[in-house]
Amino acid sequence: MANWTLETIAWDRFDASKVDPEILRNIKAAAMVERNGGDYGIYLGRVFADDPEFVQSVDRWVTEEVQHGLALGRWAQLADPGWDFDAAFARFRAGYQLPLDAQSSVRGSQAGEMMARCIVETGTSSYYSALKDATEEPVLKQICAKIAADEFRHYKLFYDHMRRCLARDRLSRWQRLRIGWSRLAESEDDELAYAYFAANEPEGAIYDRRSSGNSYARRAYAIYSEPHVQRAMAMVLKAVGLEPQGRLNAWMTRLGLWFLRRRAARLALTAA
């Protein structure tokens, strides 16, 4: 059961004067991906078909992910009354599909699948934390705080299950690092790029993965600050099996911040 519902959001506090149009475009895209959580649930249900107890946890996770999408979509409609959430989501679903016919993890093992999910939850928890701190709109701030809390809890769900899977699959730190890196690289694949396109571009526009991906990245990378990156690095290191804090974390945080700021600045120059 989710810790909050759409009815517990203080929608009456919405302040249109505090909506940032740049953030709004990315919120519309995020609503697409989150609302599509049911497809990930189908995939994980097949990968973990031999573990009915965990599949029940996945079902609860799906409920919360879909709720994230509905909350973000409702907020985006308040901010842009002319935006059709259902139509945009239908467009996204028509153009982007997960490999739902998979019967085993595309990561090679159940432990590898959980490692990849830890990376995803690291990314989402840090992103919604950054959004919460970046926006001045009170309702969006409340929604992002609740979603970030959910994503931190989801990380723990997948991390705890990964530890159980590792007792059998015995992935080395190097193997976990390789899976984590590959999943990080996938953050710039078609999913977010097409979600941005479907949510923001007019009917008849032609999809260009690089252009849409850059548009999303410029608006996303610019809102991160050091505490968000530091915590994300701690979560990544913990998932890999390394000390979450200390000198390695400090070095990775500096490197991560440098990358995000440099990338955002370069994309801003090209007005992506």
Side-chain angles (χ1 to χ4, degrees), residues 30 33-34 36-66 68 96-128 148 150-195 213 229 231-245 248-249 251-253 255-256 259:
V33 176
E34 297 279 357
N36 201 37
D39 275 2
Y40 282 101
I42 293 171
Y43 167 73
L44 289 176
R46 289 177 176 171
V47 171
F48 291 93
D50 61 342
D51 191 341
E53 184 177 346
F54 180 66
V55 170
Q56 287 184 353
S57 298
V58 169
D59 290 341
R60 290 191 291 273
W61 169 79
V62 167
T63 299
E64 294 181 2
E65 293 293 308
V66 172
H68 297 169
Y96 179 83
Q97 291 289 323
L98 290 169
L100 296 181
D101 55 343
Q103 298 298 319
S104 60
S105 173
V106 297
R107 313 294 169 185
S109 67
Q110 291 183 341
E113 186 62 43
M114 290 296 90
M115 176 65 205
R117 293 310 313 173
C118 284
I119 296 300
V120 173
E121 302 298 341
T122 296
T124 53
S125 59
S126 62
Y127 183 50
Y128 288 111
D150 283 350
E151 305 294 18
F152 283 122
R153 187 162 41 79
H154 294 166
Y155 173 90
K156 185 178 187 309
L157 166 70
F158 293 128
Y159 176 78
D160 289 346
H161 199 65
M162 180 183 73
R163 288 177 60 85
R164 289 191 287 272
C165 293
L166 283 172
R168 179 198 59 225
D169 296 337
R170 298 187 179 281
L171 295 184
S172 66
R173 284 176 179 170
W174 169 249
Q175 289 173 308
R176 278 187 272 172
L177 183 62
R178 182 173 55 79
I179 292 170
W181 180 256
S182 67
R183 188 59 189 84
L184 278 173
E186 290 171 17
S187 64
E188 297 197 5
D189 67 6
D190 268 316
E191 185 178 35
L192 278 171
Y194 198 78
V229 179
R231 187 164 188 174
M233 293 304 175
M235 295 167 74
V236 170
L237 290 169
K238 182 178 179 180
V240 173
L242 296 171
E243 169 58 42
Q245 305 298 336
L248 182 56
N249 179 296
W251 179 79
M252 290 178 62
T253 297
L255 181 64
F259 169 79

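Basis for what follows: all heavy atoms, side chains included, without hydrogens, waters or symmetry-related copies.
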- Message: With a sphere of 6.0 Å drawn around CZ of Arg170, does it hold more than 12 non-hydrogen atoms of other residues, nucleotides or ligands?
- Response: no
- Starting from the C-alpha separation in whole Å, work towards a yes-or-no answer on side-chain contact (heavy atoms from CB on, under 4.5 Å) for Phe48 and Ser105. CA-CA 9 Å; Phe48 291 93; Ser105 173; over 6 Å; no
- Message: When you compare the side chain of Arg168 with that of Ser109, does any pair of heavy atoms fall below 4.5 Å?
- Response: no
- How about Asn36 and Glu191: does a side-chain donor come under 3.5 Å of a side-chain acceptor? no
- Taking the six-membered ring for Trp, are Tyr96 and Tyr194 ring centroids under 6.0 Å apart? no
- Message: Tell me whether Tyr155 contacts the main-chain N or O of Met235 through its side chain, where contact means a donor paired with an acceptor under 3.5 Å.
- Response: yes
- Item | NZ/NE/NH1/NH2 to OD/OE distance under 4.0 Å, Asp160 and Lys156 | yes
- Message: If you count every heavy atom of other residues, nucleotides or ligands that lies below 6.0 Å from Glu53 atom CD, does the total exceed 12?
- Response: no
- Under 3.5 Å side-chain donor-acceptor pair for Arg60 and Thr63: no
- Message: Could you check whether any side-chain heavy atom of Asp150 comes within less than 4.5 Å of a side-chain heavy atom of Tyr128, counting everything from C-beta outward?
- Response: no
- Query: Does a side-chain heavy-atom distance below 4.5 Å link Glu65 with Glu151?
  - Reply: yes
- Do Asp51 and His161 touch side chain to side chain, with heavy atoms closer than 4.5 Å? yes
- Query: Can a cation-pi geometry be assigned to Arg164 and Phe54, taking NZ or CZ under 6.0 Å from the six-membered ring centre and within 45° of the ring axis?
  - Reply: no
- Task: Please name the pair of heavy atoms, one in Gly37 and one in Val66, separated by the smallest distance, quoted to 0.1 Å.
- Result: N-CG2, 4.4 Å
- Asp39 side-chain N/O to Leu98 backbone N/O, donor-acceptor pair under 3.5 Å: no
- Query: So, are Arg117 and Glu113 salt-bridged, with charged N and O less than 4.0 Å apart?
  - Reply: no
- Do Asp50 and Gln110 come close enough that some side-chain heavy atom pair is under 4.5 Å? yes
- Any donor-acceptor pair under 3.5 Å linking the side chain of Arg231 with the backbone of Ser126? no
- Item | Heavy-atom check, side chain of Met115 versus side chain of Arg107, under 4.5 Å | no
- Heavy-atom check, side chain of Thr124 versus side chain of Tyr127, under 4.5 Å: no
